[in-house]
Amino acid sequence: MAIPKVMGTEIEYGITVKNDRDFDPISSCVLLVNAYREERAAKILWDYDQENPLADARGFQVDGEKYTPNQQENIARNKTLENGARYYVDHAHPEYSCPEVTNPRDLVIHEKAGERIVEISRREACALLPEGMQMLIHKNNSDHKGNSYGSHENYLMDRRTSFKQIVEHLMPFFVSRQVYAGAGKVGSENRAQRCDYQLSQRADFFETEVALDTMVKRPIINTRDEPHADREKYRRLHVIVGDANMSEYTIWLRQGTTALVLSMIEDGAIGRDLSLRDPVRAIKEVSHDPGLGCTVELQNGKRLTAVQLQAEYLELAKRYATGRQLEPWAAEILQEWERVLSALERDPLELADRIDWIAKRVMIESFMQRKGVDWDSPQVQMLDLQYHDLRPEKGLYYLLERQGQVRRMVTDAEIARAVTEPPEDTRAYFRGHCLKRYGDQVFGVNWDSISFGIGDEPIKRVLMAEPLKGSKAHVADLLLRSKDAAELVKNLRA
Amino acid sequence: MERHVRLQDHADASLTAWVSMSESQQKQKSGGGSGGESTGSAEGGKKLAKKGEALKEEMDALMDEIDEVLEENAEEFVKNYVQRGGE
């Protein structure tokens, strides 16, 4: 049976400083991340011993140098937060990896809390800049000049499921899910064919089907095999094909449908060959077709539109759900998935209050009509960019939200709580509360470990190989009984 | 459940989806589902016209606010917006 789909996202944000002729993204990122003041996070290391980004899911190890910063640099670039998240500098972008959650709705709450945290630190960072300069952050994936940065999803999977199966059944799903998961983009880039508007921020950048790379020759399916959990039992599917979404509904649906399809793959429930003849070409064709009429060719010669391809998955999912005890969130996902696909068939405008690429397009087209400008206008490109702006008073997605024109899935209170509180049903609870209670004694953290420096004793590392252990139900009492880290370690051994 | 109520509230305030969505909700309520068409009654027409007006007003309000918040010097801003590749 499929294992629970523990999930999380890692969002790399665009960063720029207005009126700074010597803008340096890396030092700006360091300034930003350190401007977020959570006292206890100030001296904690990110534990690179536990990292292995060069392991390939197809079963080999790639040669290359593993990045390990020195201690000072490590602390300057990495913040582990009390809500269980990691907030850090990744190359030339600020990145927020949310804590592990067990369902799409919590994912929305924690991804949105990430937006708040980055915005709080942006404001703090701005106060430190020379007068006239202003730092701006965008939750997007490209600069429209051929440079892209990622927003990655992670899903816990059963190690016994062969990677070959995952690739085969996921590829057509990833090519087509952009019909509801796309964040929308004006124009094209990276030598893709010219277009006015497309569904996805990212599609232009995928150049190969399956690979380990994420920065060059980007693959639709990434093979990084770094489970951050018991390697014998689990894999963490690292999904790099998605866009950074603003809409809560889009995020929710994207996570839910993907997790459901992964469960189906684990249970061998996709007994239909939907393989595409040329996925790399198809992903661009689908993205470049906001009319949703174009068809892509399957290996078997059949041609389907992306919506029809999704409908195939939906049908299989409904059959899969029949007579089966699925995770509690799955029923609502199935229902909305169906609703969205039928609206896409009928009239995509029906979804202007919930699907990012449609909401953005309607806004831009209304603007174009009012101003008499076309897709090439810099103002139109500005609208596209500003949809993703994290400033609540300037960001156009937030403007739509304020005007009640986009459908909410979660409340502001839930998001505010997630800024400081970890999820209660995964090991993130243990991580977060260790930071809250024993922050001064925490030496280093990684997803599957936390180590303590207690007096002069050797560093004690607690391993958390089970993502669902360390929840409130498991450890609340233990934490309560342990007034400091020494007691915690003692009680853990008892 | 509670969430559902909220969602409906927001749906009512939604913009472009106004007309078509309230139609599809009606369809669901009437339990038909398969290829049901919207009612062509005079009352329905009036309702739609009203909604159309509301829609236009909302859109105008949105456009006014966009005018206010849209980055000045869009051309320069867009030109200077350069990021390094990431991931």
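Quick caveat: nothing in here was measured; it's all calculated off a predicted structure. The sequence lines fix the lettering, A, B, ..., with proteins before strands; numbering per chain opens at 1.
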Q.
Between A/Ser342, A/Ala92, A/Ser148, who has the most heavy-atom pairs with chain B when the cutoff is under 4.5 Å?
A. A/Ser148
Q) With the threshold set at 4.0 Å, does a side-chain nitrogen-carboxylate oxygen contact exist between A/Glu207 and A/Lys217? A) no
Q.
One thing to verify: whether A/Arg408 and A/Glu414 come together as a salt bridge, which I'm taking to mean a side-chain N less than 4.0 angstrom from a carboxylate O.
A. no
**Q.** Contact leader toward chain A among B/Glu75, B/Met63, B/Glu65, where contacts are heavy-atom pairs under 4.5 Å
**A.** B/Met63
**Q.** Residues of residues 369-378 of chain A within contact distance of chain B, non-hydrogen under 4.5 Å
**A.** A/Arg370, A/Lys371, A/Pro378
Q: Verify the distance criterion only: is there a donor paired with an acceptor across the side chains of A/Tyr387 and A/Asp356 at less than 3.5 Å?
A: yes
Q. Is a donor on one side and an acceptor on the other found under 3.5 Å between the side chain of A/Glu248 and the backbone of A/Val410?
A. yes
**Q.** Partner chain B: residue of A/Leu399, A/Thr16, A/Ile358, A/Val380 with the largest heavy-atom pair count (under 4.5 Å)
**A.** A/Leu399
Q.
Heavy-atom cut-off 4.5 Å, strictly under: side chain, backbone, both or neither for B/Asp60 against chain A?
A. both
Q) Most heavy-atom pairs under 4.5 angstrom with chain A, which of B/Leu70, B/Val78, B/Asp67, B/Val82? A) B/Leu70
Q.
Using a 6.0 Å cut-off, check whether atom CD of A/Glu393 has over 12 heavy atoms from anything other than its own residue.
A. yes
Q | A/Asn140 portion near chain B, given a 4.5 angstrom heavy-atom threshold | A | side chain
Q) Taking A/Ser247 for the side chain and A/Ile355 for the main chain, is one N or O donor matched with an acceptor at less than 3.5 Å? A) no
(Q) Please enumerate all residues that pass ring-ring contact (aromatic ring centres under 6.0 Å, His included) together with B/Tyr81, with sequence neighbours excluded. (A) A/His138
Q: Please flag which part of A/Ile15 lies under 4.5 Å from any non-hydrogen atom of chain B: side chain, backbone, both or neither.
A: both
**Q.** Side-chain donor/acceptor of A/Thr223 to backbone N/O of A/Leu212, under 3.5 Å
**A.** yes
Q) Which pair of heavy atoms, one from A/Gly184 and one from A/Asp243, lies closest together, and at what distance? A) N-OD2, 4.2 Å
Q) Considering only heavy atoms, which portion of A/Lys394 lies under 4.5 Å from any heavy atom of chain B: side chain, backbone, both, or neither? A) both
Q | Leading residue by heavy atom contact count with chain A [cutoff under 4.5 Å; candidates B/Arg84, B/Glu71, B/Glu87, B/Gln83] | A | B/Glu87
Q. For A/His144, is it the side chain, the backbone, both, or neither that has a heavy atom closer than 4.5 Å to a heavy atom of chain B?
A. neither
Q) Contact part of A/Ile11 toward chain B, heavy-atom cut-off under 4.5 Å: side chain, backbone, both or neither? A) neither
Q: Tell me, for A/Gln386 versus chain B, whether the close heavy atoms (under 4.5 Å) come from the side chain, the backbone, both or neither.
A: side chain
Q. Would you say the side-chain atoms of A/His93 pair up with the backbone N or O of A/Tyr13, donor to acceptor, closer than 3.5 Å?
A. yes
(Q) Check this for me: does any side-chain nitrogen of one of A/Arg391 and A/Asp389 sit under 4.0 Å from a carboxylate oxygen of the other? (A) yes
Q. Contact part of A/Gln381 toward chain B, heavy-atom cut-off under 4.5 Å: side chain, backbone, both or neither?
A. both
Q: Would you indicate whether A/Glu345, at its atom CD, is surrounded by more than 12 heavy atoms from other residues, nucleotides or ligands within a distance under 6.0 Å?
A: yes
